[in-house]
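Since the structure is predicted, the reported quantities are computational estimates derived from the model, not experimental observations.
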Amino acid sequence: MSRFEIKMPKLGESITEGTIISWSVQVGDIIKEDDVLFEVNTAKVSAEIPSPVEGKVVEILFKEGDTVAVGTVVAIVDIGGENSEDEDSVEALQSSATDESVAVVSKAASEETPQVKAVKSEEERWYSPVVLQLAREAGIQPKELDTIPGTGYQGRVSKKDIKSYIVRKQSGGIMIAKPAAIPEVQRITPASGTFSAEGVEVKEMDRVRKVIADHMVMSKHTSPHVTNVVEVDVTKLVKWRDKNKDAFFRREGVKLTYMPAITEAVAKALAAYPQVNVSVEGYNILFKKHINVGIAVSLNDGNLIVPVVRDADRLNLNGLAVAIDSLALKARDNKLMPDDISGGTFTITNFGTFKSLFGTPIINQPQVAILGVGYIEKKPAVIETPEGDVIAIRHKMYLSLSYDHRVVDGSLGGNFLYFIKEYLENWKE
């Protein structure tokens, strides 16, 4: 028997584990290449994992609901062949299985789930993108979907459940059951000797929030943070946007925001100061050859994700606008692929979206700096003219740069931030 190991794939940068939501195969099943083996959920993406080989499933090592580290063997497939089969070729195939699985997952997910996202109902019931896609195609509304009994992990509706329901519905044999309750909220009962625990509700963080929490704590422990703040006169940029936004929308099909201009300024600054486009590994500084700018996006569930604009320095303003808009839409529709959230070398977060003047952002490890963009507001300002100083109304905003003081000193951080300020203030209308 030639054994092939199916491993938990890595579905994104900083992802170290995944939870097996459901198995689509059982021991003894004969599978073909690209047949779905299991569905996995991580903090950032949910995907069905296809088989990179064909053969017979001889062992399943983890059950539904288990959280498994990336690279861990989760199943064994007998791929047949004679005992004299070239072991080196089998070993090479096994070593590349994870990468192949991720590539196929990305392709399958983009084809199968073009306009749906994973959401929770009012009862906090989770549905995978595949389940939502099948429900939409069958005309099943959210309220009806909530009534379908699930056989998956924690009562979740699996692909098999929704298909079975659709078949029974079409044949007129529907039996509606209440959705299984998920014991996610725990109420504290005051113990003897406590005084005011009554009325406190404890709710466990979801997976995304847990990863964010761990990542933020790790970043503060890893990098000594320093933050510089500058005020930027963006009057020229505001006038330019007002003048061109309508024509831009007609031409490109996306709204023209300030973020493409800010991203362009950041990309230029990173090219001018490559010491900021680095990461730290022990006492080594890793200089990155590509300028990949992450743009923080707030999700509909209140969480945060950072899709990445790759080679931002090679894109013109139009290309940046389209790329940023596309990534933001994919993020809010839960359609981001692993490649969309990996490889970032610098991050921008927009506090101005929430009308905040500025903030002191936490570095997105393993990067060494992050730019915070504040709210643009009108202010009276002193303007120098040939006839003397005058007071005028100008559009101003604050930019804040948090950087890792292990490798970025005040001089470098200040010059980098001032470069962005000058670029935006001298925007060509």
Side-chain angles (χ1 to χ4, degrees), residues 225-249 255-277 291 293 295-296 309 312-313 315-318 320-321 324 346-363 368-405 408-429:
H225 282 57
V226 176
T227 302
N228 287 12
V229 180
V230 294
E231 188 176 39
V232 186
D233 187 334
V234 290
T235 304
K236 291 183 179 179
L237 177 61
V238 170
K239 290 181 177 179
W240 171 84
R241 176 182 174 271
D242 289 342
K243 180 181 178 181
N244 292 278
K245 61 182 180 180
D246 292 337
F248 187 89
F249 183 80
K255 292 182 178 179
L256 180 60
T257 68
Y258 299 110
M259 191 53 66
I262 295 169
T263 304
E264 181 177 282
V266 166
K268 298 289 186 183
L270 290 170
Y273 296 93
Q275 307 96 314
V276 181
N277 199 52
I291 294 176
V293 180
I295 311 289
V309 178
D313 56 320
L315 297 176
N316 61 19
L317 196 71
N318 292 7
L320 288 171
I324 292 169
F346 187 92
T347 296
I348 302 173
T349 183
N350 188 2
F351 294 110
T353 300
F354 314 105
K355 304 291 177 72
S356 296
L357 295 180
F358 68 89
T360 55
I362 297 175
I363 297 168
V368 298
I370 180 172
L371 183 74
V373 178
Y375 180 63
I376 297 176
E377 60 178 355
K378 293 181 181 179
K379 287 184 176 182
V382 176
I383 306 296
E384 294 181 356
T385 70
E387 291 76 27
D389 294 344
V390 298
I391 296 178
I393 302 299
R394 307 293 290 179
H395 292 269
K396 299 260 189 139
M397 74 173 181
Y398 291 103
L399 295 178
S400 55
L401 180 74
S402 292
Y403 52 90
D404 187 336
H405 214 345
V408 181
D409 293 325
S411 174
L412 174 58
N415 287 330
F416 177 84
L417 188 58
Y418 189 77
F419 182 101
I420 299 172
K421 168 186 166 72
E422 287 283 288
Y423 194 90
L424 294 176
E425 287 189 338
N426 293 291
W427 191 264
K428 294 182 180 180
E429 297 183 50

> Step by step, would you call Val234 with Tyr258 a side chain to side chain contact (heavy atoms under 4.5 Å, CB included)?
Replying inline: CA-CA 10 Å; Val234 290; Tyr258 299 110; over 6 Å; no
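- Residue-environment remark: CZ (Phe358) stays at or below the threshold of 12 foreign heavy atoms within 6.0 Å.
- Of all non-hydrogen atoms in Val368 and Val276, the two that sit nearest each other are CG2-O, 3.3 Å.
- Here Met259 contributes atom CE and Ile295 contributes atom CD1; the two are 5.5 Å apart, rounded to the nearest 0.5 Å.
- Here the side chains of Ile362 and His225 are in contact, with some heavy-atom distance below 4.5 Å.
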> What's the verdict on side chain to side chain contact (heavy atoms under 4.5 Å, CB included) for Asn277 and Phe416, showing C-alpha distance, side-chain angles and the deciding distance?
Replying inline: CA-CA 11 Å; Asn277 199 52; Phe416 177 84; over 6 Å; no
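- Of all the heavy atoms in Ala312 and Leu320, the pair that sits closest is O-CD2, 3.8 Å.
- Considering every non-hydrogen atom in both Ala265 and Leu424, the closest pair reads CB-CD2, 4.0 Å.
- Put simply, the side chain of Lys421 gets close to the backbone of Glu231: a donor and an acceptor are under 3.5 Å apart.
- Judged purely by atom type and a 3.5 angstrom limit, Asp409 has no side-chain atom pairing as donor or acceptor with the backbone of Ser411.
- Residues Glu377 and Leu357 form a side-chain contact, since some pair of their non-hydrogen atoms from C-beta on lies under 4.5 Å apart.
- Here the CD1-NZ distance, from Ile291 to Lys268, works out to 9.5 Å after rounding to the nearest 0.5 Å.
- Note that CG of Leu417 is 10.5 Å distant from OH of Tyr273, once rounded to the nearest 0.5 Å.
- Of the N and O atoms on the side chains of Asp233 and Thr235, at least one donor lies less than 3.5 Å from an acceptor on the other residue.
- The CD1 atom of Ile393 sits 11.0 Å away from the NZ atom of Lys396 when rounded to the nearest 0.5 Å.
- Minimum interatomic distance between Gly413 and Val408 (heavy atoms only, all atoms of both residues): N-CG1, 3.7 Å.
- Residue Tyr418 places its OH atom among 12 or fewer non-hydrogen atoms of other residues, nucleotides or ligands, all under 6.0 Å distant.
- The minimum heavy-atom distance between His405 and Gly410, with the atom names listed, is CE1-N, 4.1 Å.
- Between Tyr423 and Val266 there is no side-chain heavy-atom pair separated by less than 4.5 Å.
- For the pair Leu317 and Trp240, the tightest heavy-atom approach, listed with the atom from each and the gap, is CD2-CH2, 3.1 Å.
- By the 4.5 Å heavy-atom criterion applied to side chains, Thr263 and Ile348 are counted as neighbours.
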> For Leu371 and Ile262, what are the C-alpha separation, side-chain angles and deciding distance, and is it a side chain to side chain contact (heavy atoms under 4.5 Å, CB included)?
Replying inline: CA-CA 10 Å; Leu371 183 74; Ile262 295 169; 4.1 Å; yes
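- Under the 4.5 Å side-chain criterion, counting only non-hydrogen atoms from C-beta, Trp427 is not in contact with Arg241.
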Throw together a table of side-chain donor-acceptor distances under 3.5 angstrom for residues 397-404, partners on residues two or more places apart or in other chains.
unit_1 : atom_1 : unit_2 : atom_2 : d
Tyr398 : OH     : Lys379 : NZ     : 3.1
Ser400 : OG     : Gly359 : O      : 2.5
Ser402 : OG     : Thr227 : OG1    : 2.8
Ser402 : OG     : Pro361 : O      : 2.7
Tyr403 : OH     : Asn228 : OD1    : 3.2
Asp404 : OD1    : Arg406 : N      : 3.0
Asp404 : OD1    : Arg406 : NE     : 3.1
Asp404 : OD2    : Ser223 : OG     : 2.8
Asp404 : OD2    : Arg406 : NE     : 3.0
Asp404 : OD2    : Arg406 : NH2    : 2.7

